[in-house]
Every structure is written in C-alpha cells, then in structure tokens.
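Data block below; observations after.
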Amino acid sequence: MKADLIVGLQWGDEGKGKIVDFLAKEYDFVCRFGGGHNAGHTIVVDNKKYALHLVPSGILNEKAINIVGNGVVLSPKDFIKELEQFDNVKGRIYISDKAHLLLPYHAKIDQAKERLKGDKAIGTTGKGIGPAYGDKITRVGHRVGELLHPKKLTKDIMEYFKIQKPIFDALQIEAPNEKELLEELTFYKEKLQDYITDTTLLVWEALESSKKVLVEGAQGTMLDIDHGTYPYVTSSTTISAGACSGLGIAPQKIGKVIGIAKAYCTRVGNGPFPSEDFGEDGEYLRKMGHEFGTTTGRPRRCGWFDAVAMRHAIKLNGVDRVALMKLDVLDGLKRVKVCVGYEFEGKTIDYVPYTLEGVKPIYQEFQGWDGSKGVREFEKLPKEAKEYIQNLEELIGAKIGIISTSPNREDTIFRT
Ligand code: GDP
Ligand code: IMO
Ligand code: MG
C-alpha cells in the first residue's frame, strides 16, 4: 500500500485541517511530517471548533491512529496542553523518538532574534521553530527519545548552555536552573512516555500490512525552506518531499498527492506576496474569510489566487488533485481577480523567479457570484463560480477534485 499525501500549496492556512479531518475516516493512520506548533489547523465538527497545532488532524476520527513524525519539532509543554482537550487518546497517538525537542529557550531565542532584526524581521510565530530546527541542523539539538532519561538530558542541556554561553549572553537569555529543568523534563517524561516510540517502524508496518496511511503536511509550499520566499519562510521542508524524510517513507511508497489551496490567497508574517490586495477587496476577504491566525491571532494579509505560484507549487509537490477551499468567501464580489503572470525586472514572466521581491502581478478578471456557501453538489454552484473553477483548472493545469464551501465537514464537494 502507498501513503496518500496532503500538502498546502500557498502560504499556509489553506484549510488542510478540514480536508485531513474529512478524509481521515477512510484511513487507518494520519501522520504529520514537519513543522511544530507554528501550525494551526482549525477543524469544525458539529459546530464545535478544535484548534490543532501538533496533534495530527485525524484525532477527531476514532479509528485513525495519529503519528507525529521525526521531521516535527515538538514542544512537550504545548503538546501536553493540546492533548488535554481530548479524552482517552492513549493508543491513538504516537510521537517519534527521533522528533526534535523544542524547549522554552528556543522560543526566547526566536523572539530575541526577531527583535534584533527590526524591520527585517521575518514575522515568525515566535514559537521557537527556527532555533529548534537550527539546533537539529547544527547537531546540538535533543530528541524526544532523550526525554525517557531526564537526568542525562538535564546534564546535556546544561552543557549546551555552557558551550553556547556567549550567544545566550548576547541575546540576554539565562541558562535554566538545573533543578527546575530536571523537574520539568521529568514531568514531560511522565506525561509523554506512553506515546513515544519508533514511529518509522509503525509506518513501515502499516504500509506493509496494507493499512491506509494519510500524510498531513503543515504550512505551505511558499513557506518551504528551499522553494519558498526565502528568507521569509519557515525552517522546514513543507513540500511533499518532506514526507519521505519526515516520516521515513521511501519515495515510491507515496501514492496520491492532494494539494490544498484557497480560492484566493493569504499570508501571515512578512515577505513578498505579489497578489496582495491592499484595498477594499482585501479587507472584504479578511472579514468574510475570518482571516486571523489560528496560532497567533494576527490578521492575515489577503489577496487574489496566484496561478503562477500555484503552477510552481503543483510541480514541486507532484499534485494529482487540488482541493479548492473557501470558495464561499468570494460570494458577493462583483469581480474576482486571478494573477496570471508577473512583471519582473522589466520582463513579463509566467514562472516563479528566485525571489518574488519587486514582482508585480498581471491580473485576469472574472465575473463574481453569490450563493456558493454550503453548496454540496458541483452542479448546484452558481454558474459564474463553476466558470471560475474551470478557468482556474486551465490556468494551473490540474484538476480541482474537491471544493469546500464552508468550515463544516459536510460542506465539501467531490468531483470525479
Ligand atoms: P490549515 O492551517 O491549512 O489547516 O488552515 P487553518 O485552519 O489555519 O485556516 C483555515 C480556516 O478556514 C479555518 O478557520 C477553517 O475552519 C476555515 N475553513 C476551511 N474550509 C473553509 C471553507 O470552505 N469555507 C470557509 N468559510 N471557511 C473554511
Ligand atoms: P499552518 O500549518 C501560516 C509563517 C509565519 C512566518 C513564517 C516563519 O497553519 O498552515 P515560523 O514561526 O515558522 O518560524 O515563522 O512562517 N507560518 C505560517 N503561516 N500557516 C502556518 O501553518 C504557518 N507556520 C508558519 O507566520 O511568516
Ligand atoms: Mg493554519
């Protein structure tokens, strides 16, 4: 059996959580491969809202076993808090012993560095993601499996602070108190030891015994450390290739790739966003789409669907089908714009250059519509909305197989 994959195609917050939750009923395993609690996945079931950050979005389906893969950076404190909203998840969620630990000092480093950058700040979530991945890559990080030996881990972390003292002094970050650190890590061990395991083996076994595996991406393609709008990106591989290293799945074991995209576009934090709308329409999208971050509450920057960036994302991820989310948010607009090309360094281009800094959008306009909210059959969508979708398919060269018309699980259209 091959693992199917869900990835974000824009700058995150595309609605991955809703689709993973919706599809989870057909899967035995739901596995997260990257990111940390910078992610915020909102799921609405029976009018109840759940905000997930580290827990995979399969948790609301009782059958699925959820895996936090080795590619994730895990804050034990935040994970423990997040688990409290669910009853009895033992045996339904496992954390890789190879996932890296994100500890409170990582958040302090993140925030201190952002302050020092001033107007060059990335606009991170301030959760410590960059510093935790930085420690992993520079080989001074600690892994979840080490939590099982808190005394040794405490000693190692104290040593880490000693070695890096000049850096911490410059950032005005104090070393933890050894006794308090030991207490904290012992508490994490007690709370998490039943969940920590070798998840690579679990995933291999699942695939070999023909279990259905769904892999959940976090963030979005344009925030990918290599292929996004560097340096205004997150610190992990967010594209489908990350699923292989972040879970231990070989490339030929990846099955269908479903790419998630909003019917328009948003971004949180700083960095270029060619199709951003600074006028009334951008404001309308923010209001109608409730575009405020799930993790930080920051207003999301809003703009139009960017078909150029989407084609790039579809290629990078090997997308088979696109899920077009939040179509209903465009209800009530007279005209809907789509970015179909870029002006870059005096030329018109139809691809994503190495930087989007200074890129100007070229738009095509479409007739607006009203009344797509809550529609569950393609044929029942307003005529102009159907035309918009068909035009997008042509512009991006991929089939839009899923359309979402409200936050609710049921308000989802499937097309064959
Ligand atoms: P994720 O990070 O990709 O999982 O997305 P988020 O959960 O951060 O943001 C998507 C937001 O849109 C959430 O609040 C969802 O409840 C909401 N949402 C998802 N699909 C739809 C939709 O089709 N219509 C509307 N109006 N809201 C949606
Ligand atoms: P989900 O999974 C939207 C953005 C931050 C910032 C940049 C770097 O909900 O789609 P970081 O804290 O990761 O170092 O911040 O990345 N960012 C997200 N934006 N959705 C997310 O996740 C994001 N995770 C990180 O706003 O611009
Ligand atoms: Mg989100």
Side-chain angles (χ1 to χ4, degrees), residues 6-22 32 34-45 47-54 56-57 72-73 102 106-107 109-111 113-114 121-134 216-225 228-236 238 259-264 266-273 285 287-301 323-331 372-376 402-413:
I6 302 278
V7 277
L9 298 180
Q10 294 159 323
W11 276 277
D13 301 327
E14 298 91 347
K16 299 175 290 294
K18 168 173 166 167
I19 295 299
V20 173
D21 168 69
F22 183 85
R32 221 349 243 274
H37 64 304
N38 49 350
H41 303 160
T42 309
I43 298 172
V44 183
V45 184
N47 288 322
K48 193 165 179 232
K49 219 184 216 188
Y50 298 84
L52 303 179
H53 302 282
L54 282 160
S57 306
V72 170
V73 285
L102 186 158
H106 289 121
I109 302 170
D110 190 2
Q111 291 158 19
K113 286 193 170 171
E114 282 284 274
I122 289 164
T124 70
T125 57
K127 303 287 183 191
I129 305 300
Y133 276 113
E216 175 188 31
Q219 288 80 47
T221 299
M222 300 307 282
L223 290 171
D224 181 84
I225 184 74
T229 48
Y230 191 89
Y232 299 98
V233 291
T234 190
S235 297
S236 56
T238 61
I260 316 293
K262 275 179 195 171
Y264 51 100
T266 64
R267 157 160 221 179
V268 208
N270 302 330
F273 175 9
L285 294 171
K287 189 163 150 250
M288 302 306 281
H290 304 289
E291 295 296 357
F292 295 88
T294 312
T295 300
T296 57
R298 290 180 290 178
R300 294 176 182 148
R301 298 157 62 192
L324 192 73
M325 311 300 290
K326 303 188 91 161
L327 183 71
D328 54 295
V329 174
L330 299 175
D331 281 3
S372 78
K373 191 170 183 63
V375 172
R376 297 181 182 179
I402 300 175
I403 298 150
S404 172
T405 59
S406 103
N408 297 322
R409 252 187 200 167
E410 298 74 22
D411 295 333
T412 313
I413 299 171

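Numbering of ligands and ligand atoms starts at 1, following listing order.
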Students should be able to answer this: which protein heavy-atom is nearest to [atom], and at what distance?
atom: atom 13 (O) of ligand 2; value: T234 OG1, 2.6 Å
atom: atom 15 (O) of ligand 2; value: T124 CA, 3.3 Å
atom: atom 26 (O) of ligand 2; value: R298 NH2, 2.9 Å
atom: atom 12 (O) of ligand 2; value: T125 OG1, 2.5 Å
atom: atom 23 (C) of ligand 2; value: Q219 CG, 3.6 Å
atom: atom 8 (C) of ligand 2; value: V233 O, 3.4 Å

Tell me the contacting part of [X] for ligand 2: side chain, backbone, both, or neither, using a 4.0 Å heavy-atom threshold, strictly below.
X: K16; value: side chain
X: L223; value: side chain
X: T296; value: neither
X: K127; value: neither
X: W11; value: backbone

Backbone N/O of [Y] and side chain of [X]: donor-acceptor pair under 3.5 Å:
X: D224; Y: T238; answer: yes
X: K18; Y: T42; answer: no
X: D411; Y: T405; answer: no

Practice task
List in chain and number order the residues that pass side chain to side chain contact (heavy atoms under 4.5 Å, CB included) with P272, two or more places apart in sequence or in another chain; answer none if no residue qualifies.
Solution key: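 P272 satisfies side chain to side chain contact (heavy atoms under 4.5 Å, CB included) with T229, Y232, R267, L356, E357 only.
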The side chain to side chain contact (heavy atoms under 4.5 Å, CB included) partners of D110 (sequence neighbours excluded) come to E114, T124, P131
Check your understanding: Could a heavy atom of G123 be found less than 4.0 Å from some atom of ligand 2?
Key -> yes
Quick one: does D110 get within less than 4.0 Å of ligand 2, heavy atoms only?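 Under 4.0 Å: no for D110.
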Flag the pair [X] / [Y] as yes when at least one side-chain heavy-atom distance between them is below 4.5 Å, and no otherwise.
X: Q10; Y: M325; value: no
X: R300; Y: L285; value: no
X: Y230; Y: I225; value: yes

Which pair of heavy atoms, one from [X] and one from [Y], lies closest together, and at what distance?
X: G35; Y: S236; value: N-OG, 3.9 Å
X: H53; Y: R32; value: O-NH1, 2.8 Å
X: D13; Y: K262; value: O-CE, 2.7 Å
X: A218; Y: A39; value: CB-CB, 4.0 Å

Exercise. Can you sort out which atoms of ligand 2 are near G40, meaning under 4.0 Å from one of its heavy atoms?
Key: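 In order of number, 1 (P), 9 (O).
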Under 4.0 Å from a heavy atom of A39: give me the atoms of ligand 2 that qualify, with their elements.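 Contacts of ligand 2 toward A39, numbered from 1: 1 (P), 2 (O), 9 (O), 22 (O).
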Given a cut-off of 2.8 Å, the protein N, O or S atoms lying below it from the Mg ion (ligand 3) are D13 OD1, G40 O
### Query
Regarding Q219 and T234, is there a side-chain donor-to-acceptor distance under 3.5 Å anywhere?
no
Contact residues of ligand 1 (heavy atom under 4.0 Å), by chain and number:
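Close residues (ligand 1, cut-off 4.0 Å): D13, E14, G15, K16, G17, K18, G40, H41, T42, T294, R300, M325, K326, D328, V329, S404, T405, S406, P407.
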